[in-house]
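For reference, the structure discussed in these notes is given below.
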There are 2 protein chains.
Amino acid sequence: MQNFDVEKLHPGLSIDCVIFGFHENELKILILKLKNLNKWALPGGFVEVDKDVDAEAAEVLKRRAGLENIFLRQFYLFGDVARNENDHARKMVDQEVIAPELRDWFEQRFVTVGYYALVEYSKVKAPTPDYTSESCEWRSISELPSLILDHRDILARAHATLKKELNNQPIGMNLLPDHFTMSELQALYETVLEKKLDRRNFRRRMLSYDILIPTNKRRTGVAHKAPMLYEFDRKKYQEAMVSGFRSTW
Amino acid sequence: MQNFDVEKLHPGLSIDCVIFGFHENELKILILKLKNLNKWALPGGFVEVDKDVDAEAAEVLKRRAGLENIFLRQFYLFGDVARNENDHARKMVDQEVIAPELRDWFEQRFVTVGYYALVEYSKVKAPTPDYTSESCEWRSISELPSLILDHRDILARAHATLKKELNNQPIGMNLLPDHFTMSELQALYETVLEKKLDRRNFRRRMLSYDILIPTNKRRTGVAHKAPMLYEFDRKKYQEAMVSGFRSTW
DNA sequence: ACAAAAGTGTTACGCCTACACCCATGA
DNA sequence: TCATGGGTGTAGGCGTAACACTTTTGT
């Protein structure tokens, strides 16, 4: 059971991270199974009073997924009173997840800052649970177990934000391996957007963005014609992230 | 000097609102002149522990501008430690803006939630200062006085967000009078975007959005040919706000 | 009458969509 | 050899940018 110094923490403020990964054509997120409870939670944490909120979010990502310098974006503050459940703190004490003397701290009204991260599935070697949880696992967003509090809403908003951002920004770096085929990139888009795209038009458009570098290698060993492998032009990718794609005005 | 019950407030959490208005072809915001200080501030406030954050932002808007049911959007949480200035609370006490016993409350580390609102300039009859301020005024964003803390950054981010949103959503309702000419609407766009637009193409595009209703009235009394007055189709406008304009995927 | 803004139309170009065809590979 | 996915090309339509001309009004 964890005992920490709540004096050093910003009161009533927490962080929740939706950590997206892509594997086997499915969009997955990292979630934690709470000790002694049949509920799961998004990776999160609190904010030390002398730390930047964004930096604390990066800390969460580092501790749970072992990754640093990853795309991580604040997308919303969840500030409704109703997101606090009266007996949530009590349950945590009952199940010996937290020490009884911390109950007051956990029972105060919390607002939480939502972040989402895009990470490469295979680079997360050992998802690490925190003191409240017995395991940390990748789960497909289409078959999620029951989540605590408003974590399902937080995920939904993160996903919606991601979908919207696809119109202005590239995606893929940090989410795909260094080398990937056009089809794999397309599968990522189709999964995030939850719709099918035309293969040929997708290719043309992607190439027109000028952020891909064709390597001379091909993926072999799988069935059918060996596809070309691409990598991202990191410089141009970053430029596209900053300036965005098509603004109409 | 204001004395309020800080026990009822969410600790270390504030709200700041960028309230945009449009007048004489200039984008303006409401700012407050602080008592006994030569500094200005965005309208803001604190969050009662039993109130939704969004609702408290709406309260700020209501108290300062006297408006309700107005477009109001949360756009960012400003959570850097550096945004807190050591002597800000001390100055407030020194200048008798707040009671000395509130100094501890004001000296804690704060994070602030940024909101922006679009309001009709002429509907704000009497901008109302709060207990920290001696006046509340419209000021053009191009000639702003010195603002406290990171309020200039907050404004910049609000403006950037607004610019970006113009690609997906309509603007104008709540910012223009009920009836307006095409040129006035274009002037609003040009002001927000900080660039000139082609008159004829602008008209065509706006009409294609199908959110405008031409009235049979014309603006008279001014020089030159009397222009047609339009109003927004409120139902279709709202639909466009929800579904957005052009998504490329 | 004239200056200045309002209203309307046209052309050219580029982008996006919706397709069909051939190629390469493992089974 | 054949099923399956990879790679390339093209015709048509739509939207946008870049334009010129006429109309109306107050001065």
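Just so it is clear: chains get the letters A, B, ... in the order the sequence lines come, proteins before strands, and each one is counted from 1.
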Please report the distance, rounded to the nearest Å, between CZ in B:F202 and P in C:dG9. 19 Å

Return the value, rounded to whole Å, for the distance between atom CZ of B:F180 and atom P of C:dA5. 20 Å

Applying side-chain hydrogen bond (donor to acceptor under 3.5 Å, both in side chains), run through B:S183 and B:T181 and close with a yes or a no. CA-CA 5 Å; B:S183 289; B:T181 67; 4.7 Å; no

Can you check each nucleotide of nucleotides 15-25 of chain C against protein heavy atoms at under 4.0 Å and return B for base, S for sugar-phosphate only, - for none, in 5' to 3' order? -SBBBB--BBB

Describe the nucleic acid contact of B:S183 in one word from base, sugar-phosphate, nothing, applying a heavy-atom distance below 4.0 Å. sugar-phosphate

d(CG, B:L229; P, C:dA5) in whole Å: 18 Å

Measure up the A:W249 and B:Y189 rings against each other and bin them: parallel (under 30°), tilted (30 to 60°), perpendicular (over 60°). tilted

Look at the aromatic rings of B:F75 and B:Y116 and report parallel, tilted or perpendicular, splitting at 30° and 60°. tilted

Less than 4.5 Å apart, any side-chain heavy atom of A:S142 and any of A:E26? yes

Can you tell me if A:K39 and A:S146 form a side-chain donor-acceptor pair at under 3.5 Å? yes

Evaluate the ring planes of B:Y237 and B:F232, with Trp represented by its six-membered ring, and classify them as parallel (under 30°), tilted (30 to 60°) or perpendicular (over 60°). perpendicular

Base, sugar-phosphate alone, or nothing: which one does B:M182 contact when heavy atoms must sit under 4.0 Å apart? nothing

